[in-house]
Amino acid sequence: MFDRFDDRTLEIATVIVVVLIALVILCYLAIYINPQVPFNPGKPPTEVADVGPAPTDTPVITWTPTRTPSVTPTNTSTATWTPTATATDTATPTATWTPTATETNPPPTATNTRRPRTRVPTKTPTPLPYYAFGPLQGGPAGGRPDCLSTWVDGYVLGVNGLPEPDVQMRVGNHEGWVDHTKTNVDGYYVYQFAEQPVAGYFFVQVYKNGVPSSPTYDWYTSAGCGDYGIQYIRVDWRHW
């Protein structure tokens, strides 16, 4: 019969048998060490620890019926209404403030009766009757170059816009008023400061009836008479 199996099959069968024997030995060794292992078919009964008699019935606690009636009287106590006595306290501070009124105190009354000192109104200055207007010839500075002379001219017009003759014009420089001239029958005036280009500060003003009748109109001149030089300026005047 064994001649039907080869040597390889016999070796495998021998190994399986040896493994099974080893497993059986290990199972018995584990049962010997701990009889309570799960695969022990004959486990000894486990010892039950003696914990004493079972506790008595819990319904013997009688705190619940006693606690409930003790809380109810405290919630319905009428002692919380006693703060109504504060209504009489509000009347007391009202009476104390009445005698402390200081409306009839003499010092405040005396200070209120003081009269402020009257201030003298400041006088508004009356504008002068004449003002300078255009055209001011030659560029934003109102002048143009002139290589032969340094001078000013213009017209003086009245309220009706017509030329005013015989109006005195005062002229000056950085040293003050230096001279005067008058308008002709056409209201035209002219004044020559120098017979050549002169750099300096000059001004002109209407001086009618012996008093200044306009603001001063001032300008600067240059010594060079090139494209940007200023030796001549025109200033026209008119009555308000």
Side-chain angles (χ1 to χ4, degrees), residues 101-240:
T102 57
E103 295 179 358
T104 58
N105 194 0
T109 304
T111 56
N112 292 333
T113 56
R114 292 181 62 185
R115 296 180 180 178
R117 291 186 298 176
T118 58
R119 297 181 179 178
V120 179
T122 57
K123 295 181 180 180
T124 56
T126 304
L128 297 175
Y130 289 87
Y131 65 95
F133 76 102
L136 304 177
Q137 292 182 353
R144 59 176 172 81
D146 190 336
C147 295
L148 300 177
S149 177
T150 300
W151 57 293
V152 63
D153 71 347
Y155 287 87
V156 178
L157 305 179
V159 179
N160 54 6
L162 299 178
E164 281 194 61
D166 202 28
V167 177
Q168 185 179 3
M169 306 296 297
R170 288 177 52 167
V171 293
N173 55 23
H174 63 280
E175 296 179 354
W177 297 111
V178 295
D179 206 349
H180 68 276
T181 185
K182 287 186 177 182
T183 60
N184 60 15
V185 293
D186 296 324
Y188 176 76
Y189 73 95
V190 58
Y191 186 84
Q192 185 182 53
F193 293 97
E195 295 181 353
Q196 60 184 352
V198 176
Y201 168 77
F202 300 96
F203 52 87
V204 64
Q205 181 185 35
V206 179
Y207 199 78
K208 189 176 181 180
N209 300 325
V211 295
S213 299
S214 73
T216 60
Y217 187 93
D218 55 339
W219 69 96
Y220 288 89
T221 60
S222 59
C225 60
D227 294 338
Y228 299 99
I230 296 177
Q231 286 79 37
Y232 162 74
I233 187 170
R234 174 177 172 179
V235 184
D236 295 335
W237 302 87
R238 182 167 183 173
H239 198 287
W240 292 97

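For the single chain, residues carry numbers from 1 onward in sequence order.
P165 and T183 make their closest contact through C-OG1, 3.2 Å (heavy atoms, listed as atom of the first residue, atom of the second, distance). Shown here for S149 and Q192, the closest heavy-atom pair between the two residues is OG-NE2, 2.6 Å. Minimum interatomic distance between P145 and C225 (heavy atoms only, all atoms of both residues): CB-O, 3.7 Å.
Partners of Y220 under the ring pair (Phe, Tyr, Trp, His ring centres under 6.0 Å) rule, at least two apart in sequence or in another chain, are Y201. Applying the ring pair (Phe, Tyr, Trp, His ring centres under 6.0 Å) rule to F193 yields the partners Y191, F202; only residues at least two apart in sequence or on another chain are considered. Partners of P129 under the side chain to side chain contact (heavy atoms under 4.5 Å, CB included) rule, at least two apart in sequence or in another chain, are S213, H239. For the side-chain hydrogen bond (donor to acceptor under 3.5 Å, both in side chains) test, residues two or more places apart in sequence or in another chain that qualify with Y188 are D153.
Residues R234 and Y155 form a side-chain contact, since some pair of their non-hydrogen atoms from C-beta on lies under 4.5 Å apart. Looking at V206 and Y189, their side chains never come closer than 4.5 Å, going by heavy atoms from C-beta outward. In this structure, Y217 and V152 have side chains that are not in contact, with every pair of non-hydrogen atoms separated by 4.5 Å or more. The side-chain heavy atoms of Q231 and S222, taken from C-beta on, include a pair separated by under 4.5 Å. Side-chain contact between P197 and T221: absent, with no pair of heavy atoms (C-beta onward) separated by less than 4.5 Å. Side chains of L157 and P163 form a contact here, defined as non-hydrogen atoms less than 4.5 Å apart.
For the atom pair CD (Q196) and CG (D146), the distance works out to 11.5 Å, reported to the nearest 0.5 Å.
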Report all side-chain donor-acceptor pairs from residues 166-176 shorter than 3.5 Å, counting only partners two or more places apart or in another chain.
residue, atom, partner, partner atom, Å
R170, NH1, Y207, OH, 3.1
N173, OD1, E175, N, 2.9

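For T150 (side chain) and V198 (main-chain N/O), a donor-acceptor pair under 3.5 Å exists by modelled atom type. A donor-acceptor pair is defined here as one N or O able to donate and one able to accept, closer than 3.5 Å; such a pair exists between the side chain of W240 and the backbone of L128.
Judged as a salt bridge (Lys or Arg N to Asp or Glu O under 4.0 Å), the pairs with a partner in residues 208-229 (not counting sequence neighbours) are, in order, E164-K208.
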